[in-house]
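Once you've had a glance at the structure underneath, I'll fire off some questions.
In this text, all values refer to a predicted model and were calculated from it rather than measured experimentally.
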Amino acid sequence: MIIRIVDLRSDTITLPTDEMRQAMASAEVGDDVYGEDPTVKRLEETAASLLGKQAALFTPSGTMANQIAVLTHTARGDEIILDSEAHIYFYEVGGPALLAGVQTRQVTGLLSENGPAALKQSLRLQDIHFPHTSLLCLENTFNRGGGTILSPEIMREMYSIARDRGLKVHVDGARIFNAAVGLGVDVKVFAEHCDSLMFCLSKGLAAPVGSLLVGTQEFIERARKYRKALGGGMRQAGILAAAGLVALDSIDRLAEDHANARRLAEGLSQLPGLRVALEKVQTNIVVIEVIGRQSAADVVRLLSERGVRCGASGPTTIRMVTHKDVCAEDIEYALQVAKEVVA
């Protein structure tokens with residue numbers, strides 16, 4: 001019999017709080033395509049202010065916001081530079097090629113302390129045979145890197161290199177507030193070193209829907225037209241934006257997720273058959289390597305049968321993500337189950 005369900009598949013599975021539901025029910029709304037939704041306007045102004053940018057655009061998803069940024073910063077036939085494991089490249093259905101008609105140049109180690117050197121090495125010489133490189137895409141925190149943080153100092157150096165070569169810089173900051181809380185810094189220090197940045201409301205911040213794209217006023221005006229072209233022009237979207245405003249008042253709570261992830265990682269690392277690179281557990285994501293006789297799929301199945309849900313991220317790796325709806329007691333239960341099923 002399953003004693004409890006502990007869902008560690010992703011921080012996207014969080015349920016809206018009672019406060020969010022109340023705010024959504026009473027939200028003042030209008031037609032946002034006409035620019036008449038006051039709650040969306042308030043959310044966009046709040047987001048721009050938090051990140052230290054001129055303007056913001058509310059979008060249905062982070063993927064859409066990233067693809068809007070690529071469309072707005074580039075022209076067809078351009079090349080964009082990103083990490084070989086970047087979310088934009090790995091998980092967004094080939095959007096840059098499909099929608100913007102751009103080529104992706106994947107660079108190993110771009111989202112690391114060696115990122116500046118990797119970026120310099122990836123930059124092409126001027127040659128008639130080469131595409132025009134127009135955009136550098138960073139990611140913070142780094143999803144497939146295990147939720148690791150790209151420091152503001154490294155971002156600053158990469159932004160300087162890009163600017164000197166005439167490249168714009170976009171940051172997939174789906175979990176940028178995890179990065180800020182993880183380092184104990186103002187989120188503005190990350191946004192200083194880019195031309196645009198996207199962050200999600202529907203991951204660790206626990207809102208049901210939505211992401212924000214921030215940048216200059218001119219950039220957001222052009223981005224708004226691409227949002228419409230992609231079908232992201234919502235009407236009385238203030239019902240959704242209201243939950244986002246509540247979410248932005250609970251950023252500090254992410255520290256609990258980080259503490260739970262650290263406890264989970266340390267506990268799992270002590271089990272025979274598992275290995276965790278503890279130095280990479282910097283926020284709310286834990287990547288576990290299965291080194292025993294079981295496969296990652298085997299372990300995921302056995303854990304699930306006991307109520308602990310997670311996902312295999314490769315033949316020998318498992319990803320677990322802490323979030324609002326996982327408490328310290330859930331972590332202890334997950335560790336006990338793992339101790340019993342991992343060989």
Side-chain angles (χ1 to χ4, degrees), residues 4-53 55-65 173-182 186-188 197-214 220 224 227 231-261 283-284 309 321-331:
R4 66 201 300 166
I5 297 295
V6 182
D7 200 333
L8 296 163
R9 290 174 297 168
S10 176
D11 47 9
T12 60
I13 59 93
T14 53
L15 299 178
T17 64
D18 290 342
E19 186 181 0
M20 288 178 185
R21 293 177 187 272
Q22 292 166 10
M24 294 169 74
S26 61
E28 185 182 3
V29 299
D31 191 320
D32 183 48
V33 175
Y34 285 114
E36 296 175 355
D37 192 301
T39 307
V40 171
K41 285 184 177 180
R42 189 158 66 251
L43 175 62
E44 291 175 342
E45 290 166 359
T46 300
S49 177
L50 273 175
L51 274 295
K53 295 296 189 184
L57 182 68
F58 183 44
T59 68
S61 71
T63 293
M64 181 181 284
R175 298 180 176 89
I176 196 68
F177 291 105
N178 289 92
V181 170
D186 191 317
V187 71
K188 288 186 179 74
L197 182 146
M198 178 280 290
F199 70 86
C200 287
L201 297 167
S202 57
K203 291 188 169 68
L205 299 183
V209 176
S211 293
L212 275 298
L213 179 64
V214 301
I220 292 299
R224 191 175 298 276
R227 184 187 71 174
M234 299 179 285
R235 300 298 178 173
Q236 289 71 37
I239 292 174
L240 300 174
L245 284 165
V246 174
L248 291 176
D249 284 333
S250 60
I251 293 168
D252 290 345
R253 193 210 55 76
L254 294 173
E256 299 174 22
D257 297 344
H258 297 178
N260 284 335
T283 52
N284 68 322
R309 297 174 179 170
V321 185
T322 56
H323 51 79
K324 175 187 73 68
D325 295 338
V326 171
C327 64
E329 290 77 13
D330 290 328
I331 297 300

Could you note down all residue pairs passing side-chain hydrogen bond (donor to acceptor under 3.5 Å, both in side chains) where residues 243-254 supplies at least one of them, sequence neighbours left out?
-> Arg253-Asp257
Contact summary for Thr283 and Ala179, nearest pair of heavy atoms | CG2-N, 4.5 Å
Taking atom CG of Leu254 and atom CZ of Phe177, what is their separation to the nearest 0.5 Å?
-> 9.0 Å
Hey, is the main chain of Glu36 close enough, under 3.5 Å, to the side chain of Asp31 for a donor-acceptor pair?
-> no
Taking all non-hydrogen atoms of both residues, which atom of Gly35 and which atom of Lys41 are closest, and how far apart?
-> O-CE, 2.7 Å
Is the closest side-chain heavy-atom distance between Leu201 and Leu212 below 4.5 Å?
-> yes
Pair Asp11 + Lys203, salt bridge at N-O below 4.0 Å = no
Do Arg4 and Asp330 sit within salt-bridge range, that is, some charged N less than 4.0 Å from a carboxylate O?
-> yes
Has the side chain of Ser211 got a donor or acceptor atom that lies under 3.5 Å from a matching backbone atom of Gly62?
-> yes
Please list, chain by chain and in numerical order, all residues satisfying side-chain contact (heavy atoms from CB on, under 4.5 Å) with Thr14, sequence neighbours excluded.
-> Ala206, His323, Lys324, Asp325
Which residues share a side-chain contact (heavy atoms from CB on, under 4.5 Å) with Ala23, sequence neighbours left out = Ala242, Val246
Any donor and acceptor pair, going by atom type alone, linking the side chain of Ser49 with main-chain N or O of Glu45 inside 3.5 Å?
-> no
Please list, chain by chain and in numerical order, all residues satisfying side-chain contact (heavy atoms from CB on, under 4.5 Å) with Pro16, sequence neighbours excluded.
-> Met20, Arg21, Pro208
Contacts of Phe58 that satisfy ring pair (Phe, Tyr, Trp, His ring centres under 6.0 Å) - sequence neighbours left out | none
Would you mind checking if Arg42 and Glu28 are paired as a salt bridge, meaning a charged N to carboxylate O distance below 4.0 Å?
-> no
Donor-acceptor contact below 3.5 Å, side chain Ser61 vs main chain Met64 | yes
So, does Asp37 use its side chain to make a donor-acceptor pair with the main chain of Gly238 at under 3.5 Å?
-> yes
Ile239: what forms a side-chain contact (heavy atoms from CB on, under 4.5 Å) with it, not counting sequence neighbours?
-> Met24, Val29
Go through the steps for Leu240 and Val40 under the test side chain to side chain contact (heavy atoms under 4.5 Å, CB included), then give the verdict.
-> CA-CA 8 Å; Leu240 300 174; Val40 171; over 6 Å; no
With a 4.5 Å limit on heavy-atom distance, are the side chains of Met234 and Val33 in contact?
-> no
